[in-house]
Amino acid sequence: MVGNPQSKVRATPSKGHSKPKPTEKLFHPQSRKAAQLERAHLRKHKLTSAKSKRGKVQNDRNDRFVFFHHALPSDVPALTLPEVHEIIKDVWLHRHDVAIAEEAATRRKGEPRSSKEDKLLAAKKADEEEYRTGLEIPDLTDPMTVELFRRWEDGDPNYLPLLRMIRVSSADPEKILITRKGKREEELEAKAAKEAKAAAKAASKDSNAMALD
C-alpha cells in the first residue's frame, strides 16, 4: 500500500488473552442483522442521492461511509481490526449479490448478461481490487473517531474531515495505514503541545527564580 509521506503505519495493538465479543452472528452475510444493515444502507443511499448533486466519485465515497456508519454496532466503543475486516469481507463485498442474482435469474439460457448485471459485476470486482490494494475508511478501531462518526447525520461530506482515516487491505490484514488525522485529533494534539510548552516555560521560570534566591 502506498500512502503519502506523512502517512503512518501502525500494527494492531495486542489485547492479551481476553476473548473478544463474538460478532460472527452479527455480521454473517445471511444473518438478520446483515439484512437489516443492507436495508438501512439502501434507505440512506436514496436519501443521500436525493439531497446531493455531487460527482460520482464523491457520491461513491460518501455512500461507502454511510454503509460503515450503519455497520457500527451501538454497544461497543470501537471495533477490533479483525471485526473491521469481517464487515468488509462478509457484508461490504457482497452488497450487490442479491441484485446480481436477480438479474441473472431473468436471463434465458444462452442470453448475454444485461448491462445492469455487467455494471454490478464490475462494481463488485472493483471493490475487491480496492480492498486488496487498500480500502480507505474512517478508523473504526479508534474510540474517538467512532464517537465522532456516530454523530454524523444526513451524509454531510463536510463533517468527514473531523474523522481519522485509515487504509486497510486484504493483502496485509494485520496493518493499518493512517492516511489522514482528523481535525478534532489535530486540535487536541495542538492543545496538548501548547499546554506542555506553557508548563515547561513556567517550570523554567521557577527554576531561574530559585537560582536567584
Side-chain angles (χ1 to χ4, degrees), residues 1-4 7 9 12 23-24 26-50 52 54-73 79-107 112-142 145-146 149 152 155 157 160 163-180:
M1 292 179 291
V2 179
N4 60 57
S7 298
V9 176
T12 311
T23 58
E24 288 78 9
L26 182 60
F27 299 116
H28 190 280
Q30 301 302 324
S31 71
R32 183 172 59 182
K33 175 62 179 179
Q36 291 171 347
L37 174 61
E38 179 60 14
R39 287 196 298 271
H41 172 247
L42 290 174
R43 288 196 301 270
K44 194 70 174 181
H45 171 74
K46 290 178 182 178
L47 177 63
T48 302
S49 297
S52 173
R54 291 178 295 272
K56 183 178 184 303
V57 172
Q58 179 62 38
N59 279 332
D60 288 348
R61 186 171 183 267
N62 210 52
D63 287 345
R64 179 192 307 171
F65 295 152
V66 168
F67 176 90
F68 284 98
H69 183 265
H70 284 286
L72 267 174
L79 300 179
T80 64
L81 184 55
E83 286 170 341
V84 171
H85 282 290
E86 185 178 345
I87 293 173
I88 296 171
K89 291 185 294 185
D90 292 350
V91 186
W92 170 253
L93 294 180
H94 293 278
R95 71 194 188 283
H96 297 307
D97 285 4
V98 172
I100 291 171
E102 288 175 350
E103 284 296 308
T106 63
R107 277 190 285 116
R113 292 192 297 262
S114 66
S115 59
K116 181 178 180 181
E117 186 178 354
D118 282 337
K119 289 178 181 178
L120 289 168
L121 289 169
K124 181 174 182 178
K125 184 176 181 180
D127 287 340
E128 291 170 346
E129 178 61 16
E130 186 174 14
Y131 179 40
R132 185 187 69 80
T133 58
L135 179 69
E136 186 176 53
I137 59 173
D139 189 357
L140 304 183
T141 69
D142 175 59
T145 300
V146 169
F149 196 28
W152 187 41
L160 296 176
L163 310 177
R164 178 198 287 177
M165 294 295 173
I166 61 172
R167 202 180 299 277
V168 294
S169 166
S170 60
D172 197 358
E174 299 298 321
K175 296 291 181 65
I176 293 177
L177 178 68
I178 300 175
T179 57
R180 190 193 71 204

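Note that the coordinates shown come from a computational prediction; the quantities given were computed from them, not determined experimentally. Positions are given from 1, in the same order as the sequence printed here.
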Taking all atoms of both residues into account, what is the closest heavy-atom pair of [X] and [Y], and its distance?
| X | Y | value |
| --- | --- | --- |
| K124 | L93 | CE-O, 3.5 Å |
| L79 | P73 | CD2-CD, 3.7 Å |
| R61 | L160 | NH1-CD1, 4.2 Å |
| L163 | T145 | CD2-O, 3.9 Å |

Does V84 form a side chain to side chain contact (heavy atoms under 4.5 Å, CB included) with T141? I'd like the steps, not just the answer. CA-CA 8 Å; V84 171; T141 69; 4.0 Å; yes
Measure the spacing between CG of L120 and CG of D118 and express it to the nearest 0.5 Å.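 Reported to 0.5 Å precision, the distance equals 9.0 Å.
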Kindly assign one of parallel, tilted or perpendicular to the pair W152 and F65, based on the angle between their ring planes and the thresholds 30° and 60°.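 Rings of W152 and F65: perpendicular, over 60°.
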Assess the pair Y131 and W92: is the distance between their ring centroids shorter than 6.0 Å?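 Centroid distance Y131-W92: not below 6.0 Å, so no.
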Is it true that [X] and [Y] have a side-chain N and a carboxylate O under 4.0 angstrom from each other?
| X | Y | result |
| --- | --- | --- |
| E130 | R64 | yes |
| R132 | E129 | yes |
| E136 | R180 | no |

Hey, does P138 have a side-chain heavy atom less than 4.5 Å from the side chain of M165?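 Yes, at least one pair of side-chain atoms sits under 4.5 Å.
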